[in-house]
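All remarks here apply to the structure that follows.
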Amino acid sequence: MRKKIVAGNWKMNKTLEEAVALTSEVVNMIKDEVTSDVQVVLCPPSLYLTTLRQYVQGNSRIALGAQNCHEKASGAYTGEIAASMLKSIDVQYVILGHSERRQYFGETNAQLAEKVNISLENGLTPIFCCGESLEQRQSSDFIGFVKNQITESLFHLTPEAFGKIVIAYEPIWAIGTGLTATADQAQEMHAALRQHIGEKYGEEIADNTSILYGGSANAQNAAELFANPDVDGGLIGGASLKSRDFTTVVKAA
Ligand code: 13P
């Protein structure tokens, strides 16, 4: 059975003090209010990960994730963070290929394949992001476009390695816009991606792959989105910055 996962992508937000407050609030609310076995992943800015570790340590329901890592093992890459460094501070997840990284930092499918490899070599679970722009949705085979992102960055993996990947479908037009994909639009893409994975790796691996939805998912719409059979949780931006909203989304899963 695939895991239900709700991950909070804080992006470039929060001071250290605010990050600590948000984390402790989320930890307490989850402990008191959430009875299901959904895996919660908090992805703060990387420099807070070591501090926040103590708030989630020993709590199997809440893990920490980074928002990116570099594709090389180590070396002269000023300002970058290696997968081995994340591993060394017990980080379990890493978001890779977020559309903001693709758009503002020019990340390509080929580069992301390398980031996926180095993350897996270091025992991190990649949350691999994919998704189409509004223009692509309106004018081209947008499902084919998203399938191709997965093909080019993930389909070199062995079945065993692919089994460790989490996918996050994030239509770019829905990110931070307040414009959510409808439950039907999300389900259509998630089912197509699961089928695509099945054609490459077989039904069992496809069935076991968690595919999260991201893009203006919030306390109000999460339950409807997560009710779809192929939507296995969410990657949450804005709504993950408030403990009450984020916990409501977790409960919806
Ligand atoms: P919003 O939830 O703010 O739209 O952001 C989604 C996202 O990009 C999560 O990675």
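Order of listing sets the numbers, starting from 1, for every ligand and every atom in it.
The main-chain N or O of Glu204 is never found under 3.5 Å from a side-chain atom of Asp207 such that the two would form a donor-acceptor pair. Checking side-chain atoms of Tyr48 against main-chain N and O of Leu16 turns up a donor-acceptor pair under 3.5 Å. Here the side chain of Gln67 pairs a donor or acceptor atom with the backbone of Lys11 at under 3.5 angstrom.
If you chain together ILVMFWY residues whose side-chain heavy atoms come under 4.5 Å of each other, Leu179 ends up grouped with Leu134, Trp173.
Between Lys31 and Arg61, the shortest heavy-atom distance links the atoms CA-NH1, 4.2 Å.
Within the listing of ligand 1, atoms 6 (C), 7 (C), 8 (O), 9 (C), 10 (O) sit less than 4.0 angstrom from a heavy atom of Glu170. Those atoms of ligand 1 with a heavy atom of His98 less than 4.0 angstrom away are 7 (C), 8 (O), 9 (C), 10 (O). Applying the 4.0 Å criterion to heavy atoms of Ser216 picks out, from ligand 1, the atoms 1 (P), 2 (O), 4 (O). Atom numbering of ligand 1 starts at 1 in the shown order; those under 4.0 Å from a heavy atom of Gly215 are 4 (O), 6 (C).
Assignment of Ala239 to the shell around ligand 1 is not supported, since no heavy atom sits closer than 4.0 Å. Residue contacts with ligand 1: Ala174 is included, with a non-hydrogen atom under 4.0 Å away.
Polar contact with ligand 1: present for Gly176 (N/O pair, distance under 3.5 Å). Close N/O approach between Gly237 and ligand 1 is found [any backbone or side-chain N/O within under 3.5 Å]. At least one N or O atom of Gly238, backbone or side chain, sits closer than 3.5 Å to an N or O atom of ligand 1. Considering backbone and side-chain atoms alike, Glu100 places every N or O at 3.5 Å or more from each N or O of ligand 1.
Contact annotation for Asn9 and ligand 1: only side-chain heavy atoms (C-beta onward) come within less than 4.0 Å of the ligand.
Between His190 and Tyr169, the angle of the ring planes goes over 60°, which puts this pair in the perpendicular group of the 30/60° scheme.
Checked against a 6.0 Å centroid threshold, the rings of His196 and Phe155 count as neighbours.
Within the structure, side-chain hydrogen bond (donor to acceptor under 3.5 Å, both in side chains) contacts touching residues 214-227 (residues at least two apart or in different chains) are Thr180-Asn221, Asn218-Asn221.
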